[in-house]
K.L.:
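Have a look at the structure that comes next, please.
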Amino acid sequence: MFIRGMKGLGDNIYQRAFIRQIRRPVFLETPWPELYQDMPHVQCVRPTTKLRTQAKNIARQSCWARPPTSGHQNQIRYGASGIYAGMRQCFRLEPGLLDLPDFGPSPVSGQYVVVRPVAVREEWRADARNPLPEYIARAAQQLRKRGYQVVSVADLQPGKEWALEPMPPADIRYHAGELPVEQLLALLQGAAAVVGGIGWIVPASIAAGVPAWIVCGGQGGYNAPELITDPAMNTEHITFAVPDNFCRCTERYHTCDKRIANYDQRFAEWADRLPALV
């Protein structure tokens with residue numbers, strides 16, 4: 001079976017839950033072969049992509065499988081019906097456990113939280129989806145005051161991807177894509193909590209069982225919590241901070257109303273439930 005998989009990092013984490021249910025050898029087109037290293041029935045095929053971070057990870061690889069020249073091909077996609085809903089239609093099966101491989105020890109020691117600053121990618125802009133950056137900054141500030149190390153991660157490059165002000169305060173910054181995906185996910189797996197907007201940290205936090213505070217922006221027609229999660233997932237560790245007038249548009253540049261009332265108090269109540277520092 002040859003599967004032309006999704007190419008985003010988060011999409012590939014979601015996709016794992018379906019690919020694990022296939023009971024025969026799979027040739028999978030993916031920029032992220034590291035995510036399938038614990039699945040011996042999967043052989044990864046080199047994809048083509050113009051997106052910067054995907055291309056960087058593809059270039060790290062030295063071994064790719066050749067795709068079959070005949071037989072069934074399956075193109076994975078989803079739309080406004082929700083991520084798992086769309087994947088169910090494509091795979092024609094129910095997902096298994098949403099998890100991650102064990103990526104080993106974290107590159108950071110001690111008790112820390114992972115924070116994703118709000119960023120804009122020129123090659124794939126989704127300004128409407130982004131939350132207000134001050135909400136991420138204020139959450140990071142609260143966590144530092146509570147004694148956590150804050151580790152901020154991004155892959156910024158002038159003219160290609162840039163963070164929006166105010167930036168979250170941080171003790172450690174990996175802002176130039178210094179961490180390969182294995183270390184990035186090991187960092188998340190070892191975190192006390194994760195804070196950021198909609199993106200790959202949502203499925204990664206669910207898969208790792210790490211508490212996450214996810215701040216929604218707009219573009220809710222694609223990114224509402226009920227569309228990017230599913231009852232088949234264990235989401236008990238995930239909390240969504242949703243704007244009061246959550247915009248259900250599907251546009252990338254719409255000026256959605258992203259304001260959240262009593263934000264600081266709501267975040268403090270969530271942070272109070274985190275495991276105590278030792």
K.L.:
State whether Arg129 and Glu251 are salt-bridged, where the test is any N-O pair (Lys NZ or Arg NE/NH1/NH2 against Asp/Glu carboxylate O) under 4.0 Å.
P.N.:
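No, Arg129 and Glu251 are not salt-bridged.
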K.L.:
Is there a side chain to side chain contact (heavy atoms under 4.5 Å, CB included) between Val120 and Arg125? Walk through the geometry before answering.
P.N.:
CA-CA 6 Å; Val120 175; Arg125 296 193 64 153; 3.4 Å; yes
K.L.:
Between CZ of Phe246 and SG of Cys249, what distance do you get to the nearest 0.5 Å?
P.N.:
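Answer for the CZ-SG pair, Phe246 versus Cys249, is 9.0 Å.
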K.L.:
Quick check for you: to the nearest 0.5 Å, what is the distance between Cys247 atom SG and His254 atom NE2?
P.N.:
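The distance works out to 5.0 Å.
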K.L.:
Keeping to residues at least two apart or across chains, list the salt bridge (Lys or Arg N to Asp or Glu O under 4.0 Å) pairs with something in residues 205-217.
P.N.:
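Counting only pairs at least two positions apart or across chains, no salt bridge (Lys or Arg N to Asp or Glu O under 4.0 Å) contact touches residues 205-217.
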K.L.:
Do side-chain atoms of His41 reach the backbone of Ile19 as a donor and acceptor pair under 3.5 angstrom?
P.N.:
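A pair under 3.5 Å: yes.
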K.L.:
Same cluster or not: are Met6 and Leu9 linked, directly or through other Ile, Leu, Val, Met, Phe, Trp or Tyr residues, by side-chain heavy atoms under 4.5 angstrom apart?
P.N.:
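As far as the 4.5 Å side-chain criterion goes, Leu9 and Met6 are connected within one cluster.
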K.L.:
Below 4.5 Å, heavy atoms only, C-beta onward: do Val153 and His175 meet side chain to side chain?
P.N.:
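Heavy-atom side-chain distance check fails, nothing below 4.5 Å.
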K.L.:
How far apart are the closest heavy atoms of Ile136 and Pro168, and which atoms are they?
P.N.:
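Looking at all heavy atoms of both residues, the closest pair is O-CB, 4.2 Å.
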K.L.:
On a heavy-atom basis, which atom in Pro68 and which in Phe2 lie closest, and how many Å separate them?
P.N.:
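Of all heavy-atom pairs spanning Pro68 and Phe2, the closest is CG-CB, 3.7 Å.
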K.L.:
Kindly work out whether a path of hydrophobic side-chain contacts (I/L/V/M/F/W/Y, heavy atoms less than 4.5 Å apart) joins Ile3 to Met87.
P.N.:
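Both belong to a single hydrophobic cluster.
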K.L.:
Identify the two heavy atoms, one from Cys216 and one from Phe240, that lie closest to each other, and give their separation to 0.1 Å.
P.N.:
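The answer is SG-CD2, 3.9 Å.
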K.L.:
Do Leu187 and Trp213 share a hydrophobic cluster, counting only Ile, Leu, Val, Met, Phe, Trp and Tyr and linking them when any side-chain heavy atoms are less than 4.5 Å apart?
P.N.:
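Each belongs to a different hydrophobic cluster.
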K.L.:
Have Ser205 and His237 got a donor and an acceptor in their side chains that come within less than 3.5 Å?
P.N.:
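Side chains of Ser205 and His237: no pair found under 3.5 Å.
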K.L.:
Output, in order, the C-alpha distance, side-chain angles, deciding distance and verdict of salt bridge (Lys or Arg N to Asp or Glu O under 4.0 Å) for Arg146 and Asp272.
P.N.:
CA-CA 10 Å; Arg146 289 169 180 260; Asp272 286 341; 2.9 Å; yes
K.L.:
Honestly curious: do Ile201 and Leu132 fall in one hydrophobic cluster under the side-chain, below-4.5 Å linking rule?
P.N.:
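Not linked; separate clusters.
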K.L.:
Taking Glu134 for its side chain and Met167 for its backbone only, find out whether a donor-acceptor pair lies under 3.5 Å.
P.N.:
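Checking the backbone N and O of Met167 against the side chain of Glu134, no donor-acceptor pair under 3.5 Å is found.
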K.L.:
Would you mind reporting whether Asn130 and Gln219 have side-chain heavy atoms less than 4.5 Å apart?
P.N.:
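No, every pair of side-chain atoms sits at 4.5 Å or beyond.
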K.L.:
What do the steps show when you test Tyr135 against Phe267 for ring pair (Phe, Tyr, Trp, His ring centres under 6.0 Å), and what is the final call?
P.N.:
CA-CA 9 Å; Tyr135 289 152; Phe267 179 78; over 10 Å; no
K.L.:
According to salt bridge (Lys or Arg N to Asp or Glu O under 4.0 Å), does anything in residues 163-180 pair up with another residue at least two apart or in another chain? List the pairs.
P.N.:
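Every salt bridge (Lys or Arg N to Asp or Glu O under 4.0 Å) pair that includes a residue of residues 163-180, provided the two are not neighbours, is Arg144-Asp171.
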K.L.:
If you apply the rule side chain to side chain contact (heavy atoms under 4.5 Å, CB included), what do you find for Leu227 with Ile83, and how did you get there?
P.N.:
CA-CA 6 Å; Leu227 297 177; Ile83 294 176; over 6 Å; no
K.L.:
Checking Gln142 side chain against Asp264 main chain: does a donor-acceptor pair fall under 3.5 Å?
P.N.:
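Between the backbone of Asp264 and the side chain of Gln142 there is a qualifying donor-acceptor contact (under 3.5 Å).
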K.L.:
Can you tell if the side chain of Ile198 reaches within under 4.5 Å of the side chain of Tyr222, non-hydrogen atoms only?
P.N.:
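No, every pair of side-chain atoms sits at 4.5 Å or beyond.
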K.L.:
For the residue pair Leu179 and Pro107, what are the closest heavy atoms and their distance?
P.N.:
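Smallest interatomic distance, heavy atoms only, reads CD2-CG, 4.3 Å.
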K.L.:
Carefully, step by step, assess Lys7 and Thr48 under the rule side chain to side chain contact (heavy atoms under 4.5 Å, CB included).
P.N.:
CA-CA 9 Å; Lys7 294 179 181 177; Thr48 57; 4.3 Å; yes
K.L.:
Is the closest basic N to carboxylate O distance between Glu94 and Arg88 below 4.0 Å?
P.N.:
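Yes, this pair counts.
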K.L.:
Please report the interatomic distance CG(Leu184) to OG(Ser106), rounded to the nearest 0.5 Å.
P.N.:
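The distance works out to 10.0 Å.
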K.L.:
Is the side chain of Trp124 donor-acceptor paired with the backbone N or O of Leu51 at a distance under 3.5 Å, no angle test?
P.N.:
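Judged by distance alone, no pair lies under 3.5 Å.
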K.L.:
Test of understanding: clusters of I, L, V, M, F, W, Y form through side-chain heavy atoms closer than 4.5 Å, transitively. Do Ile13 and Ile58 belong to the same one?
P.N.:
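No; Ile58 is not reachable from Ile13 via cluster members.
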K.L.:
Would you say Tyr174 and Gln183 make side-chain contact, with heavy atoms under 4.5 Å?
P.N.:
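SC-SC contact between Tyr174 and Gln183 ruled out.
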K.L.:
Does any part of the side chain of Phe18, heavy atoms only, come nearer than 4.5 Å to the side chain of Ile76, both counted from C-beta?
P.N.:
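The answer is no; the side chains never approach within 4.5 Å.
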K.L.:
Any donor-acceptor pair under 3.5 Å linking the side chain of Lys56 with the backbone of Pro180?
P.N.:
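No, because the side chain of Lys56 does not come within donor-acceptor range (under 3.5 Å) of the backbone of Pro180.
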K.L.:
Looking just at side-chain N and O atoms, do Thr30 and Asn12 make a donor-acceptor pair shorter than 3.5 Å?
P.N.:
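Yes, a side-chain donor-acceptor pair sits under 3.5 Å.
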K.L.:
With side chains defined as the heavy atoms from C-beta onward, is the minimum distance between Cys44 and Phe27 less than 4.5 Å?
P.N.:
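Not in contact.
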K.L.:
Specify the closest pair of heavy atoms between Asp244 and Arg266, including all atoms of both residues, with the distance to one decimal.
P.N.:
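Residues Asp244 and Arg266, closest heavy atoms: OD1-NH1, 4.3 Å.
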K.L.:
Hey, does Asp257 have a side-chain heavy atom less than 4.5 Å from the side chain of Pro243?
P.N.:
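No, every pair of side-chain atoms sits at 4.5 Å or beyond.
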K.L.:
Identify whether the distance between the nearest side-chain nitrogen and carboxylate oxygen of Asp155 and Arg121 falls below 4.0 Å.
P.N.:
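Judged by the 4.0 Å cut-off on N to carboxylate O distance, Asp155 and Arg121 do not form a salt bridge.
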K.L.:
What verdict does the side chain to side chain contact (heavy atoms under 4.5 Å, CB included) test give for Gln54 and Trp32, after you've listed the backbone C-alpha separation in whole Å, the side-chain angles of each residue and the deciding distance to 0.1 Å?
P.N.:
CA-CA 8 Å; Gln54 295 172 13; Trp32 309 100; 4.1 Å; yes
K.L.:
Measuring from atom NZ of Lys160 to atom CD of Glu123, what distance do you get when rounded to the nearest 0.5 angstrom?
P.N.:
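So the NZ of Lys160 and the CD of Glu123 are separated by 7.5 Å.
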K.L.:
Considering non-hydrogen atoms only, spot the tightest contact between Ala207 and Leu100 and give its length.
P.N.:
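Minimum heavy-atom contact is CB-CG, 3.7 Å.
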K.L.:
How long is the straight-line distance from OH of Tyr14 back to CE of Met233, given to the nearest 0.5 Å?
P.N.:
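Answer for the CE-OH pair, Met233 versus Tyr14, is 5.0 Å.
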K.L.:
Could you walk me through whether Asn57 and Glu34 pass the side chain to side chain donor-acceptor pair (under 3.5 Å) test, one step at a time?
P.N.:
CA-CA 10 Å; Asn57 201 62; Glu34 298 88 347; 3.0 Å; yes
K.L.:
Check for a donor-acceptor pair, side chain of Asn74 on one end and backbone N or O of Cys90 on the other, with a separation under 3.5 Å.
P.N.:
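Yes, Asn74 side chain to Cys90 backbone: donor-acceptor pair under 3.5 Å.
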K.L.:
Any salt bridge between Arg52 and Glu161, counting N to O under 4.0 Å?
P.N.:
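Yes, Arg52 and Glu161 are salt-bridged.
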K.L.:
Under a 4.0 Å N-O cut-off, is there an ion pair linking Arg16 with Asp38?
P.N.:
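Looking at Asp38 together with Arg16, the answer is yes, because their closest N to O distance falls below 4.0 Å.
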K.L.:
From Leu28 CG over to Ile22 CD1, what is the distance, rounded to the nearest 0.5 angstrom?
P.N.:
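Those atoms lie 8.5 Å apart.
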K.L.:
State, yes or no, whether a side-chain contact exists between Pro225 and Val242 at a heavy-atom distance under 4.5 Å.
P.N.:
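Result yes, sub-4.5 Å side-chain heavy-atom pair found.
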K.L.:
Counting only heavy atoms not in Arg259, do more than 12 fall under 6.0 Å of its CZ?
P.N.:
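12 or below, so no.
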K.L.:
Strictly distance-based, threshold 3.5 Å: is any side-chain N or O of Gln75 a donor or acceptor partner for the main-chain N or O of Arg4?
P.N.:
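It does hold such a pair.
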K.L.:
Indicate whether the side chain of Thr229 and that of Tyr84 have a donor and an acceptor atom separated by less than 3.5 Å.
P.N.:
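There is no such pair between these side chains.
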